[in-house]
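Read through the structure below, which is laid out as structure tokens, and then see the notes.
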Amino acid sequence: MKVHERRERIEGLDATAVFVGFDEPERLRRLMLRDVDLIFPFAVDRDRRAYRAWGLRRVPWRVVWLDPRVWWQYGRLLLGGERLRSTGEDTLQMGGDFVVAPDGTVAYARPQNRDDRPPVGELIATVADLR
């Protein structure tokens, strides 16, 4: 969770990050959030209403598991010393990254296609531009 590393900058912009997952809370704690110091709110959307409302879709298995870029990314993370976390119950549900302006409008939207999250700096720059 690279966003955690930028906590001071985010808070310095009078902003926060909110993480949303859909797995059972205990599974999230045990597998995906083990050894993670949660400094931002984490919400659980079991029925995925928020996912649908934000246009976050499920993809066919081949989009995720047959894409060499996904395997390259995992290899790069492992070589960089990161420990891979257990997958959630649905590896085909895509996530996304959004910045919501103080007036409630969406200032930045990037639904995920694969394991292709935007750089945290890109999100922070969007927040800074709103000031």
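All values below come from the heavy atoms of this structure, side chains included, with hydrogens, waters and symmetry mates left out.
Note on residues 36-45: no pairs pass salt bridge (charged side-chain N to carboxylate O under 4.0 Å, His left out), not counting sequence neighbours. Sorted by first and then second residue, the salt bridge (charged side-chain N to carboxylate O under 4.0 Å, His left out) pairs with a member in residues 99-108 form an empty list; sequence neighbours excluded. Note on residues 119-131: pairs passing side chain to side chain donor-acceptor pair (under 3.5 Å), not counting sequence neighbours, are Y108-E122.
Between the R117 side chain and the G96 main chain, a donor and an acceptor come within less than 3.5 Å of each other. No donor-acceptor distance shorter than 3.5 angstrom exists from the side chain of R7 to the backbone of F40, with no hydrogens or angles considered. At distances below 3.5 Å, not a single donor-acceptor pair connects side-chain atoms of W71 with backbone N or O atoms of L66.
Using a 4.5 Å cut-off between side-chain heavy atoms of Ile, Leu, Val, Met, Phe, Trp and Tyr, with links allowed through other members, L13 and V18 fall into different hydrophobic clusters. Two different hydrophobic clusters hold L56 and V44 under the rule that ILVMFWY side chains link at heavy-atom gaps under 4.5 Å. With hydrophobic clusters built from ILVMFWY side chains whose heavy atoms lie under 4.5 angstrom apart, L38 shares a cluster with V120. Put simply, W72 and V59 are part of two different groups of oily side chains (I, L, V, M, F, W, Y) that touch within less than 4.5 Å, one to the next. Each of F19 and V100 belongs to its own hydrophobic cluster when Ile, Leu, Val, Met, Phe, Trp and Tyr are linked at side-chain heavy-atom distances under 4.5 angstrom.
In plain terms, the two heavy atoms of A17 and P41 that are nearest each other are O-CD, 3.2 Å. Here the shortest heavy-atom pairing between G121 and R6 reads N-NH1, 3.8 Å. L28 and D23 make their closest contact through CD1-O, 3.5 Å (heavy atoms, listed as atom of the first residue, atom of the second, distance).
To the nearest 0.5 Å, the span separating CG on D90 from CZ on R48 amounts to 4.5 Å. Taking OG1 of T16 as the start and CD1 of I10 as the end, the distance is 7.5 Å to the nearest 0.5 Å. The line from CZ of R52 to CZ of R57 is 15.5 Å long, rounded to the nearest 0.5 Å.
Residues Q112 and D97 are not in side-chain contact: their nearest non-hydrogen atoms beyond the backbone lie 4.5 Å or more apart.
Remark: W54 engages F98 in a ring pair (Phe, Tyr, Trp, His ring centres under 6.0 Å) (not counting sequence neighbours). Checked against ring pair (Phe, Tyr, Trp, His ring centres under 6.0 Å), Y51 has the following partners two or more places apart in sequence or in another chain: F22. Applying the side-chain contact (heavy atoms from CB on, under 4.5 Å) test to E8 and every residue at least two apart in sequence or in another chain returns nothing.
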Q: Assess whether side-chain contact (heavy atoms from CB on, under 4.5 Å) is satisfied between W65 and L92, documenting all intermediate values.
A: CA-CA 9 Å; W65 298 112; L92 305 179; 4.3 Å; yes

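Atom CZ of R30 has more than 12 heavy atoms from other residues, nucleotides or ligands within 6.0 Å. Environment of CZ in R49: sparse, with no more than 12 heavy atoms of neighbouring residues, nucleotides or ligands closer than 6.0 Å.
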